[in-house]
Amino acid sequence: MAAETAAARGRLTRRPRRDRGGDRARSTLRARHGYAFVGAYLVLLIAFGVLPTGYAIYLALTNSTGQLVGLGNFTAVAHDFRFAPAFEHIAVYLVIWLVALVVLVVGLALLLHGRMRRTAATLRFVYYLPGALAGVAGVLVWLFMLDPTVSPVGWLLNGLGFTSFAQVIVPAHLPVVLALMAFWTGAGGWIVIMYGALNNIPDDLIEAARIDGAGPFQIARRIQIPMLRKWIAYMVILAFATGSQLFVEPQLVGEASLGAVSNSWSPNQLAYLYAFQANNFNSAAALSVDLLVLGLVCAAIIVTRSGLFDVE
Amino acid sequence: MSDNPTRPARRARVRRRLVAVAALGVAALTLAACGQASSPTAAASAPASKFTAAAQSSSAPLTVWVDSTRLPGVQAYQKAHPDVKLNIVTYNGDANGSNYLQTKVELYDRAGSGWPDVVFTENVNDITWATESGIDFAAPLNSGYVPSATLSNFATGALSPCTFDGDVYCLRNDLAQNVLWYNKKLLDQFGYTVPTTWEQYEALGEKVAKQHPGYIIGTVGDAWAPEVYFWASQCQANQVTPPSTLTLNTSSTDCTRMASLLDTLIKDKSVSTDTVFSAGFAKNTASKTLMLVGPSWYGQTLFNSVFKTPAGEIAAAPPLSWTGESSTYTGDVGGGAWIVSAHSKNLTAASALATWMATSNAYQATAGTYPAYKPAATAWLANQAKSGYFADDVAPAFTQAAGEVWTGWSATKFSQEAIWAATVVPALTEGKTITAMLGPWQTAIQDQAQTLGYTVKG
């Protein structure tokens, strides 16, 4: 690569006239490469993102015979006795998880970046490890961790008054338990990203603040966090979408506890039941569209509030 | 970071436009609502009366779905019939309300191909779903595929969850009739006698709590507790009148008598609120299990394989009765079934395989579970006696229990086990009583049943 550029530069000095044409050719070539990359992604996006979404919207607006029913499926689903509890569960879970995610990810990234530069590389790797485990495997690890009889921290659970797995996962604890699992499997990747974002902040800016007498706390509060705002917004949008679509964690905890967690705990599980227990794909699609709208509304609010798409 | 001065104005304009578009969309949708929203398919509705087989070919290969427990059986069939082309797929047997079979079949329905030819399911309720109009997954086996002489040799009532409108849509693999399991060695050591009535069982539980604290005579934390206790108590929690009326009344004395009996023993700690399959139970309570009311498969599957109770200790007694009642009834926990797909291109070979799996001595006599096919059951019981695991011959208790399963508890489209596990078990863990949970339990059953199209009456 470097040799090529050097050769190109050599040509550039020798034959300046032909070079202008070469520049143009190069930039169109670069554009073509860009299109090729984007094109490959676009094909996948259309096949696995846009088309299924379109199909879901079509299903949600029709019935099993293909007749248009307007919002009928949406109202039918909203009247289901499991609808409100499922959304309540997910709301409590999201509050716990998003707050924990933002506070701890930003906090840990700042700590890593500021105070622990020497051990940062190792720690970043350690934080990232759980995320490298496939989601299901990560949940299985937690199923062992939370069963007092087999857990390596069984003494801690016993100390908290839990003697059986059933006591640990009573309905009131579930949002916290699931948030723990999600944080453990998902936060590491974000810490690495935030660390990268912190590296993007020019050193002279921090230096100037330090000369002006700002301590690490003030630097974090007045410079680093405001400059991370867009990254945090981006994280919250994605985390909200994945969080509201929670499925694997409650499903696996439910199966591991032989059903002590309702199989319609989260809206996504309810959609699954509609599709495959009631053979009602249309109502299942209506629920998925509900979740899509929820995610889009959240994204819209955050994008407009944080100026995520603003160009300087 | 500073905003372009014209940006807020532009943003407001965009927002106004978006709101307008959204409003228009909603209006259009509301106006367009001419059809009717998808309603739940009427559960337990009569299956399609006419069955038309796909184009048949005697050389078409068979795809067989089995759980790991039944896998050696299918492999044995392949060995005995090398000319049949089998594609064996192992899956979870649709156990514990996983809905895996439903998920896959309904996706194949949408794709129009891909169905397995023969399926084993641990969940006998699946037949209700598989015969539903619109699904029509199960083929009627009595229409020339399985001889009626074979069908009539199944245990009394064994094929009733398979039978709709007089047609037989599955072959039962095994029965899971409940008996009273007890540890003969411990019982003799403590000087107790085996109870024959629920009242004696309760009295014994109170005695055990005082004289041998820590020992237990039952569990209610299992998903199948309603099938063990409330089915035997003839509680009206799961009775379907065709096509789709569910009779439900958990406040009747048939339900409350069992609830208060269990509450007394839970309070005494001689009945555990844990499940027998939790890691904690096997570790802490298995060796202190004096008795368990439970299905016939508890013997080999639970006591022998999971609890590792030594041979010569465990025995089975016939189901408990209620003082003053002339008949004794018991429940049933599962009992799998073989379904032949209505989409199969080789129904003859598929039915032959299902029949062999459900009835042949070669497989059934050595299976872990009690065969639903009577001649195989006789051979199976002889084998159990030969195995020497049990302290006494289990044949009398098993045979008696097989004929005492109460018929007032139906195969439904929803899972009683899932409802009990999600509604009652967490409440018991938190210290509530079963009597207090009878109301919420009824509500949960009613909600679930209505969602799936049942009409519920008290």
Side-chain angles (χ1 to χ4, degrees), chain A residues 59 61-77 80-82 144 147-150 163-167 169-172 226-227 229-230 254-255 257-265 272-284 286 300 304 307 310-312, chain B residues 1-4 7 11 15 18 26 28-41 96-99 102-103 106-107 109-110 129 132 134-135 221-223 273-275 277-281 283-284 413-415 417-418 420-423 425-426 428-430 447-448 450-453:
Chain A
L59 279 180
L61 298 177
T62 53
N63 64 14
S64 52
T65 56
Q67 260 180 313
L68 199 64
V69 292
L71 298 176
N73 288 321
F74 291 90
T75 46
V77 167
D80 189 298
F81 71 101
R82 297 163 293 189
F144 281 100
D147 188 338
T149 48
V150 291
T163 52
S164 72
F165 184 52
Q167 286 175 333
I169 55 151
V170 292
M227 293 192 85
R229 202 168 61 150
K230 288 187 178 184
E255 295 218 354
S257 62
L258 299 173
V261 176
S262 159
N263 53 7
S264 57
W265 195 85
Y272 179 75
L273 282 184
Y274 261 106
F276 300 116
Q277 190 192 44
N279 192 24
N280 186 345
F281 281 82
N282 304 88
S283 294
T304 47
D310 289 353
V311 183
E312 301 297 312
Chain B
M1 279 278 162
S2 70
D3 267 345
N4 179 331
R7 184 156 282 138
R11 222 187 261 159
R15 207 174 294 155
L18 274 177
V26 170
L29 285 173
T30 321
L31 284 175
C34 48
Q36 208 173 13
S38 298
S39 58
T41 38
N96 298 325
S98 81
N99 278 337
Q102 286 87 328
T103 307
E106 287 172 26
L107 287 175
D109 283 347
R110 296 185 88 76
W129 157 83
E132 205 176 284
I135 300 285
D222 314 294
T273 54
D274 204 354
T275 164
F277 282 119
S278 79
F281 194 93
K283 199 172 156 194
N284 304 325
K413 211 189 154 188
F414 54 89
S415 162
E417 298 186 1
W420 179 269
T423 313
V425 173
L428 297 180
T429 309
E430 285 174 331
D447 286 342
Q448 191 70 60
Q450 282 170 343
T451 310
L452 293 170

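Minimum heavy-atom separation, B:A279 to A:V150: CB-CG1, 4.0 Å. Scanning all heavy atoms of the two residues, the minimum distance from B:Q102 to A:F276 falls at CB-O, 3.1 Å. Closest approach of B:A422 and A:S262 over heavy atoms only: CB-CA, 3.7 Å. When all heavy atoms of A:P171 and B:P426 are compared, the pair lying nearest together is CD-CB, 3.7 Å.
With a 4.5 Å cut-off on non-hydrogen atoms, A:I169 does not touch chain B at all. Using a 4.5 Å cut-off between heavy atoms, B:D222 makes no contact with chain A at all. Interface residue B:T275: only side-chain heavy atoms are found under 4.5 Å from chain A. With a threshold of 4.5 angstrom between heavy atoms, A:F74 does not approach chain B through any atom at all. Using a 4.5 Å cut-off between heavy atoms, B:I135 touches chain A through its side chain atoms alone. With a 4.5 angstrom heavy-atom cutoff, A:A275 touches chain B only via backbone atoms.
To the nearest 0.5 angstrom, A:Y274 atom OH is 6.5 Å from B:T451 atom OG1. Once rounded to the nearest 0.5 Å, the distance linking CD of B:Q448 with OG of A:S264 reads 7.0 Å.
Counting heavy atoms of neighbouring residues, nucleotides and ligands inside a 6.0 Å radius, atom CZ of A:F81 exceeds 12 of them.
Per-residue heavy-atom pair counts under 4.5 Å with chain A were compared for B:D274, B:L107, B:T423, B:T273, and the maximum is reached by B:L107.
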